[in-house]
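Below: one structure in structure tokens.
These numbers come from the heavy atoms of this one structure, side chains and all, not from hydrogens, waters or symmetry mates. In what follows, chains carry the letters A, B, and so on, assigned in the order in which the sequence lines appear, proteins first and then strands, with residues in each chain numbered from 1.
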There are 4 protein chains.
Amino acid sequence: MKRNSKLIPSMIKDQRLIAERRRQIIEGAVRLFVKKGFHKTTTREIARECGLSIGTMYEYIQSKEDVLYLVCEDIHSDLEKRLLEVVIESDSGMESLRKGLKQLFRVMDEMRPLVLLIYQETKSLPNDKMKYVLSKEEEITGLFERILHKGMQDGTIGIDPSSIKLMAHNIMVMGQMWTFRHWSLGKHYDVQEYTDRQMALLLGEFTNGGKRDGNRSDST
Amino acid sequence: MKRNSKLIPSMIKDQRLIAERRRQIIEGAVRLFVKKGFHKTTTREIARECGLSIGTMYEYIQSKEDVLYLVCEDIHSDLEKRLLEVVIESDSGMESLRKGLKQLFRVMDEMRPLVLLIYQETKSLPNDKMKYVLSKEEEITGLFERILHKGMQDGTIGIDPSSIKLMAHNIMVMGQMWTFRHWSLGKHYDVQEYTDRQMALLLGEFTNGGKRDGNRSDST
Amino acid sequence: MKRNSKLIPSMIKDQRLIAERRRQIIEGAVRLFVKKGFHKTTTREIARECGLSIGTMYEYIQSKEDVLYLVCEDIHSDLEKRLLEVVIESDSGMESLRKGLKQLFRVMDEMRPLVLLIYQETKSLPNDKMKYVLSKEEEITGLFERILHKGMQDGTIGIDPSSIKLMAHNIMVMGQMWTFRHWSLGKHYDVQEYTDRQMALLLGEFTNGGKRDGNRSDST
Amino acid sequence: MKRNSKLIPSMIKDQRLIAERRRQIIEGAVRLFVKKGFHKTTTREIARECGLSIGTMYEYIQSKEDVLYLVCEDIHSDLEKRLLEVVIESDSGMESLRKGLKQLFRVMDEMRPLVLLIYQETKSLPNDKMKYVLSKEEEITGLFERILHKGMQDGTIGIDPSSIKLMAHNIMVMGQMWTFRHWSLGKHYDVQEYTDRQMALLLGEFTNGGKRDGNRSDST
DNA sequence: CATGAATGAGATTTCATTCAT
DNA sequence: TATGAATGAAATCTCATTCAT
């Protein structure tokens, strides 16, 4: 789980200390990144905010971009952990989906500024780090893929197998859009309404069919 | 239409010249922003790319952020124009929606890098400019709101009035996600498939009801 | 001759200005490098010393190492120019050698701190630049090779062809050692004595033979 | 012999330990200095290379420059020791010179990177340490002075007493130039050739006279 | 109107050295 | 004695913006 200790080298030997200090760094940096964005935050500000000297901070990272990576990685991990919490093996596909969606919207709301952050700043990562973060994103999407697949197999969710990937993405995006469109959505809906409506839309789709051909659009 | 000539002051009197030079600036800047992002592009590079001296460029803008604003504004305008093209007064709501969606996905695909750009860099605008750009975004969303509303009234689209705003957002986001999730979606679907499936999903919703209460989720 | 304008790119277009400012930079930097050495001189000090702002200075160079390169290149050019001054086509080999040596020792003495500088700091250049400077050094050595060769052919200098290269190096080193061993030599000899004695040594060698085998050492 | 234990204070009492640890330090540092130069080597790297912690290393030195001093001092000592090995009291001056020169060129070749190192980095020493190192250098030069003097007295070497100092320097420099001009000399001569030719040059001078006036150059 | 040289505040990063454990 | 985490001064370099020509 703490594979990142390998991905970002440190001058420090004590692994426990690395974890502790990096936590400080993440927490300080998140506050600033949320407030001012990655580019407008200076390394000195980060150091001050997390209570380390600039020199000490650089013992635990190699570059400012590393801080962004740590932050993104941490938020993604948290997200994933909280989604996994509600998925129970013994549930049917539909039950899992229902719980997963509810949790998704709840988490997205609770972590709104954080999710918005990774949403906006992932692109500022250096290429290799960005790939890793995107793969994490895909992994979380994969969670919903598996739920949909289970539902398809146990007959509780009506969906064409070739649509599973897309629907998983749709679900994730519906979760995220609460963060990145909140400037507008927030004026008209609260979380509860937003959750109810989006769940109705998605679950409706899955109970009405999903394999129906009659409605297929001719978008030629 | 060229309201921006007011928003961004220029040292130059000749309005025609302003329009011409700003077009140059936009075109040069877009190429660079798409390739390297806003922050990693320098004003010098922009000037070189658009064939102006740095001094001349600054006669037509006031800051680097102005360039970003011009670019965002231009892309949004283009987007809006192309969407408006297919909306005909005499069409029914459903017909408009169908055409609008098709066009939305087509345009999003054709302008993929550009839409991705505004998507990622709007947040780098200074507050007042960002508000203006977001209002433009809302305006475009409003287009779909009007279509849905028309369909609701002429009975061709089944939707609860309180869901119109949300569904319009959903539509816009489904369009945009083709750009910002293309790194993953592009591996599994081409535009055609993507368009077909997303239209089926949306149109299905609108033909099946939208006012249905039985399916309402209890996300308490 | 000003090929270096290509080797070190500048942000400035006006070639005359580049030459002028780089001269300022060279002159300021030389003073500081001679006094404190390359590593202990900061870029800000160089800028101040040559009367430019740090920003302006960096318009004419790309890195601190570029300054060192400019300095080395300039000193070498000067050295070469002053040696070439005294070499006249119509002179015999021996006459050229005599004049060349006298000039070599005079120049080495006059440029003592500068020659010491390139002597000590060339190794701090990045690899490609260092190669260029060393090739310049070889070029100057080549001047003495040509003189020796001419003397060999016109019979005024007795030397084995296979020794020409080595003797040219010996000559150059005897010139340079006046700079890098001056801390000791200077306590016992003045330039005049130094010149006389070293010339006697070298010219003696060339008049006594150079092809002699009887004295060959058996260093096995 | 271990006079340096006085020049460089240590926190440690046990003299044997000091000697042992400093040997480690010297050996590690030499490898790095030869490869990367003094300035580009960090104290941390030195500590790692010699198997000490940075803290421990600093118990045996006071500054990074101390390490350079230890290294220079060690190389000079080695050099001197190996030259002294071949000088036998009972030999004539000329015999000593011959053996001394042969050994000089052999040692310079074998210790080439090390000699080059002291050659290039001595100037980076703080003033007092540099003086000490230079005095060591002068001491070694003195060895050849003594040999020349002996030869002059026993009639085996023809040399003017006022030239002895200079010739000793010439000898040393001819030895060193094999290291600092090897980038060029090495392309044309191997050690054997180099040794033979330089010895012929020097010994020729000493057998032909050295007191001759006829060849004296008029470098006025 | 056009040009591009000049500016300097400010950003990131390094690294010799110390000192509590 | 040994360790290695902590420190922060200082170094290099960038780049948006201005303004004299």
Side-chain angles (χ1 to χ4, degrees), chain A residues 10-14 17-18 20-21 39-47 51-67, chain B residues 10-14 17-18 21 39-48 51-67, chain C residues 10-14 17-18 20-21 39-47 51-67, chain D residues 10-14 17-18 21 39-48 51-67:
Chain A
S10 167
M11 294 276 85
I12 303 304
K13 297 186 170 179
D14 185 339
L17 201 49
I18 292 181
E20 186 189 329
R21 291 273 179 270
H39 283 102
K40 294 202 173 160
T41 303
T42 69
T43 51
R44 304 196 98 87
E45 286 174 311
I46 298 171
L52 299 175
S53 71
I54 184 71
T56 299
M57 188 173 85
Y58 267 90
E59 294 283 296
Y60 295 91
I61 55 162
Q62 305 227 96
S63 70
K64 190 186 171 192
E65 281 163 344
D66 280 356
V67 177
Chain B
S10 166
M11 295 284 91
I12 306 301
K13 303 296 163 206
D14 183 341
L17 201 49
I18 293 183
R21 291 273 182 268
H39 282 102
K40 295 202 174 158
T41 303
T42 68
T43 51
R44 267 176 160 164
E45 286 173 313
I46 298 170
R48 195 184 318 130
L52 299 175
S53 71
I54 184 73
T56 301
M57 188 172 86
Y58 265 88
E59 296 285 311
Y60 295 92
I61 56 162
Q62 305 227 96
S63 71
K64 189 187 171 192
E65 283 161 344
D66 281 356
V67 178
Chain C
S10 166
M11 295 276 85
I12 302 304
K13 297 186 172 178
D14 185 338
L17 201 49
I18 292 181
E20 186 189 328
R21 292 271 180 272
H39 282 102
K40 294 202 174 158
T41 304
T42 71
T43 52
R44 303 194 100 89
E45 286 173 313
I46 299 171
L52 299 175
S53 72
I54 182 74
T56 299
M57 187 173 86
Y58 267 92
E59 294 283 294
Y60 295 91
I61 54 161
Q62 304 227 99
S63 69
K64 190 187 170 191
E65 282 163 345
D66 281 355
V67 178
Chain D
S10 166
M11 294 284 92
I12 305 302
K13 304 296 163 211
D14 182 343
L17 200 48
I18 292 183
R21 291 274 181 268
H39 282 102
K40 293 201 175 157
T41 304
T42 68
T43 51
R44 266 175 159 164
E45 286 173 312
I46 298 171
R48 195 184 316 127
L52 300 175
S53 71
I54 183 72
T56 301
M57 189 172 86
Y58 265 89
E59 296 285 312
Y60 296 92
I61 56 163
Q62 304 227 96
S63 71
K64 189 188 171 190
E65 283 161 344
D66 280 356
V67 178

- line: Scanning both residues in full, the closest heavy-atom pair of D:Ile18 with D:Lys13 reads CD1-O, 4.5 Å
task: Scan nucleotides 13-21 of chain E nucleotide by nucleotide, 5' to 3', and note B when protein non-hydrogen atoms come under 4.0 Å of the base, S if they reach only the sugar-phosphate, - if neither.
output: BBSBBB---
query: What does C:Leu17 touch in the nucleic acid at a heavy-atom separation under 4.0 angstrom: a base, only the sugar-phosphate, or nothing?
result: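 If one applies the 4.0 Å heavy-atom cut-off, C:Leu17 turns out to touch the sugar-phosphate alone, with no base involved.
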task: May I ask you to say what A:Met11 touches in the nucleic acid, namely base, sugar-phosphate or nothing, with a heavy-atom cut-off under 4.0 Å?
output: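 A:Met11: backbone/sugar contact only, no base atoms under 4.0 Å.
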query: Taking side chain as C-beta onward, heavy atoms only, is C:Leu17 less than 4.5 Å from C:Tyr60?
result: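 Touching, per the 4.5 Å side-chain cut-off.
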task: List the atom of D:Ile46, the atom of D:Thr41, and the distance in Å for their closest heavy-atom pair.
output: CG1-CG2, 3.7 Å
- request: Quick one: closest heavy-atom pair of A:His39 and A:Lys64, and the distance?
  value: O-NZ, 3.8 Å
- line: A:Ile18 atom CD1 is separated from F:dA5 atom P, nearest whole Å, by 8 Å
- prompt: To the nearest Å, how far apart are C:Met57 CE and E:dA5 C1'?
  reply: 16 Å
message: Applying a 4.0 Å non-hydrogen cut-off, can you work out what D:Ile12 is touching in the nucleic acid: base, sugar-phosphate, or nothing?
response: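 Answer is sugar-phosphate: D:Ile12 comes under 4.0 Å of backbone atoms only.
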query: Nearest heavy-atom pair of A:Val67 and A:Ile61: which atoms, and what distance?
result: CG2-CD1, 3.5 Å
- request: In whole angstrom, give the distance that lies between atom CD1 of B:Ile61 and atom C1' of E:dA2.
  value: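 Distance check: B:Ile61 CD1 to E:dA2 C1' gives 15 Å.
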query: Taking atom C1' of E:dA11 as reference, at what distance in whole Å does atom CD of A:Glu45 sit?
result: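 Going from CD in A:Glu45 over to C1' in E:dA11 covers 11 Å.
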- request: Could you check whether B:Arg21 gets within reach of a base, just the sugar-phosphate, or nothing at all, counting any heavy atom under 4.0 Å?
  value: sugar-phosphate
message: Less than 4.0 angstrom between a side-chain N/O of C:Tyr60 and OP1 or OP2 of E:dA5, yes or no?
response: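 For C:Tyr60, the contact criterion (side-chain N or O under 4.0 Å from OP1 or OP2 of E:dA5) is not met.
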- request: Would you check if the side chain of D:Ser53 reaches a backbone N or O of D:Ala47 as a donor-acceptor pair within less than 3.5 Å?
  value: no
field: Nearest-angstrom distance from the residue atom NZ of A:Lys13 to P of F:dA6
entry: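 Atom NZ in A:Lys13 sits about 14 Å away from atom P in F:dA6.
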message: Just to be sure I follow the notation: if a pair is Watson-Crick (purine N1 to pyrimidine N3 plus N6-O4 or O6-N4) or a G-U wobble (N1-O2 and O6-N3), each under 3.5 Å, what dot-bracket string does DNA chain F give, with | for pairs to another strand?
response: .||||||||||||||||||||
statement: When rounded to whole Å, the CG to C1' distance for the pair B:Leu52 and E:dG4 reads 13 Å
statement: Between D:Thr56 and D:Arg21, the two heavy atoms sitting closest are CG2-NE, 4.4 Å
message: If I compare all heavy atoms of D:Glu45 with all of D:Thr42, which pair ends up nearest, and what's the gap?
response: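 Looking at all heavy atoms of both residues, the shortest contact is OE1-N, 2.8 Å.
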- prompt: Taking C-beta and beyond as the side chain, do B:Arg44 and C:Met11 meet within less than 4.5 Å on heavy atoms?
  reply: yes
